[in-house]
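Working notes, beginning with the structure itself.
Each chain gets a letter, A, B and so on, in the order the sequences are listed, and its residues count up from 1.
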Amino acid sequence: LETFVGHQVLRIKTKNEEEVKQLQLLESLDHLELDFWINPSAPALPVDVRIPAASVQSVKAFLESQGIEYSILIEDLQDVLDKEKEEMAESAQRQR
Amino acid sequence: SSSFDFGAYHTLDDINKELDHLASEYSFVEKIQIGQSYEERPLYVLKFSTGGSNRPAIWLDAGIHSREWVTQASALWIANKIASDYGTDASVTSLLDKMDLFLLPVANPDGFVYTHTSNRMWRKTRSKIPGSVCVGVDPNRNWDAGFGGPGASDKPCSDSYHGPSANSEVEVKSVVDFIKSHGNFKAFLTLHSYSQLLMYPYGYKCTRPDDYAELESLGRAAASSIRSLYGTSFQVGTICNTIYQASGGSIDWSYDNGIKYSFAFELRDTGRYGFLLPATQIVPAAQETWLGLKKIMEHVRNKLY
């Protein structure tokens with residue numbers, strides 16, 4: 001099972017079309033291996049993106065350099081998945 | 001068994017066992033197979049029918065994007081709710097006395113199994129793409145509705161890859177063939193997560209559908225029903241206006257094929273979890289979604305066309 005240690009999910013709020021375009025540019029950079037949960041489309045809509053551990057710093061640096069606002073939706077994805085797995089196991093145990 | 005925990009996430013095997021259980025428990029519920037996936041897993045639909053042949057019908061599916069686990073889980077809760085409410089709840093009883101309901105709880109079983117065994121983040125099908133190292137197609141970009149247009153990718157490695165041709169994914173084609181051969185569907189409802197939206201066509205173009213006024217009004221009524229339970233706020237509108245242009249989507253196909261009441265739900269995320277909704281949120285999500293679905297189904301029943 002693939003692990004997601006250190007992966008973060010950011011919620012990015014754009015202010016204008018220019019910032020949306022910057023995110024669309026980011027989206028096209030395959031080497032960052034970004035997983036857009038909500039793609040950049042219009043300034044009114046938030047963008048959610050999962051960022052592998054290796055790309056977190058560079059993506060944040062890019063956003064900060066462009067003055068694009070973001071917050072951390074999920075600090076460490078693997079923590080969330082571990083909890084999910086644990087809850088599934090507990091439920092299966094209860095049912096047995 | 002009857003001890004199935006609707007407030008937990010389950011494997012495909014456990015889900016299929018629960019479908020068997022529901023079918024054995026209720027005489028008007030039948031488990032039917034409408035096809036099989038790329039990796040040859042059965043595509044099971046629960047048919048709720050209290051009699052009559054080829055009655056007008058409602059379609060409901062979940063889990064076309066495999067990682068959106070709350071949708072498959074909600075579909076199971078909803079299946080159990082419909083089955084147990086028939087004969088006791090006036091609305092469900094009158095609905096099933098007049099119409100059939102077909103529920104596909106796991107529209108993308110290969111992807112779903114893959115999220116359990118290999119990659120929790122997997123969204124697409126698992127079909128092999130000739131000439132590419134990447135696997136899978138976004139099954140909600142693969143319908144014959146503006147196929148290959150804006151809002152879908154032509155790159156096989158993209159999570160929104162539309163596939164080599166419309167209906168290339170057997171999971172999509174199986175539903176298309178089933179709905180066409182039935183010929184009497186009046187509503188097409190699909191569950192996605194997340195971001196709390198209730199959408200109607202179009203996504204492949206940014207123009208209003210002919211039935212805009214009715215769909216908008218019904219969508220708002222459904223969103224109001226959803227909000228009535230826990231205060232969860234859903235935004236209503238066309239796919240293009242509420243989120244972004246997306247071609248090859250299922251409700252655009254159903255609407256263009258004469259199924260007027262075509263809606264896509266994006267279930268709750270409570271603003272924190274995206275599609276990784278904690279299991280404690282499954283039942284509340286399903287409960288509020290059911291109220292929205294019921295509002296639409298009642299309208300369909302009362303306005304048969």
Side-chain angles (χ1 to χ4, degrees), chain A residues 1-5 7-14 17 20 23-24 27-53 71-96, chain B residues 1-11 13-14 17-18 65 67-70 73 114-123 134 150-153 155 157-160 193-195 197 206 235 239-246 266 269-282:
Chain A
L1 188 64
E2 192 169 329
T3 59
F4 297 90
V5 176
H7 288 223
Q8 288 195 345
V9 181
L10 300 189
R11 174 154 295 173
I12 304 169
K13 287 183 180 162
T14 50
E17 287 293 344
V20 173
L23 294 186
Q24 285 166 340
E27 198 180 10
S28 68
L29 302 176
D30 293 342
H31 70 279
L32 293 173
E33 297 181 352
L34 303 181
D35 170 15
F36 280 83
W37 292 5
I38 301 179
N39 299 76
S41 60
L45 296 169
V47 173
D48 288 353
V49 57
R50 172 175 62 86
I51 309 170
S71 58
I72 298 172
L73 200 62
I74 296 176
E75 184 78 39
D76 189 324
L77 187 57
Q78 194 56 44
D79 287 348
V80 177
L81 300 185
D82 288 344
K83 193 159 189 292
E84 185 180 74
K85 204 172 176 185
E86 205 175 290
E87 284 172 353
M88 270 184 79
E90 280 170 16
S91 164
Q93 188 71 30
R94 275 198 305 274
Q95 283 184 80
R96 272 200 295 275
Chain B
S1 84
S2 58
S3 66
F4 187 81
D5 183 357
F6 289 99
Y9 293 116
H10 294 273
T11 62
D13 285 346
D14 286 346
K17 279 178 198 151
E18 182 56 17
H65 288 146
R67 65 191 186 180
E68 296 169 5
W69 283 6
V70 71
Y114 200 71
T115 61
H116 279 271
T117 58
S118 299
N119 182 345
R120 177 66 183 85
M121 296 296 117
W122 193 259
R123 159 187 164 103
C134 291
S153 174
K155 297 188 180 90
C157 298
S158 165
D159 256 348
S160 58
S193 83
Y194 59 101
S195 63
L197 307 172
C206 294
Q235 198 186 330
I239 295 171
C240 184
N241 284 339
T242 43
I243 186 146
Y244 38 65
Q245 202 168 1
E266 295 277 357
D269 59 81
T270 73
R272 293 177 58 193
Y273 303 106
F275 58 81
L276 296 170
L277 205 63
T280 51
Q281 297 278 319
I282 294 171

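A donor-acceptor pair under 3.5 Å links the side-chain atoms of A:S41 to the main chain of B:I243, judged by distance alone. Using a distance-only test at 3.5 Å, with no hydrogens or angles considered, no donor-acceptor pair links the side chain of A:Q8 to the main chain of A:D76. A side-chain donor-acceptor contact under 3.5 Å links B:E68 to the backbone of B:S193. A distance-only check finds no donor-acceptor pair linking the side chain of A:T3 to the backbone of A:V5 [under 3.5 Å]. For B:R67 (side chain) and B:R123 (main-chain N/O), no donor-acceptor pair under 3.5 Å exists by modelled atom type.
For chain A, the option among B:S118, B:G274, B:P278 with the highest count of heavy-atom pairs below 4.5 Å is B:S118. Considering only heavy-atom pairs separated by less than 4.5 Å from chain B, the leading option among A:E2, A:R94, A:K83, A:H7 is A:E2. By number of non-hydrogen pairs under 4.5 angstrom with chain A, the leading residue of B:N119, B:T280, B:D159 is B:N119.
Heavy atoms of B:R272 lying under 4.5 Å from chain A belong exclusively to its backbone. Heavy atoms closer than 4.5 Å to chain A are found in the side chain of B:S195, but not in its backbone. Proximity to chain B (any heavy atom under 4.5 Å) is restricted, for A:L77, to the side chain, taken from C-beta onward. Proximity to chain B (any heavy atom under 4.5 Å) is shown, for A:V9, by neither the backbone nor the side chain. Contacts of A:D30 with chain B are absent, with no heavy-atom separation under 4.5 Å from either backbone or side chain. Within the 4.5 angstrom heavy-atom criterion, only side-chain atoms of A:L81, from C-beta onward, approach chain B.
Note that the OH atom of B:Y194 and the OG1 atom of B:T270 stand 11.5 Å from one another [nearest 0.5 Å].
Remark: aromatic rings of B:H65 and B:F275 are distant, center separation not under 6.0 Å.
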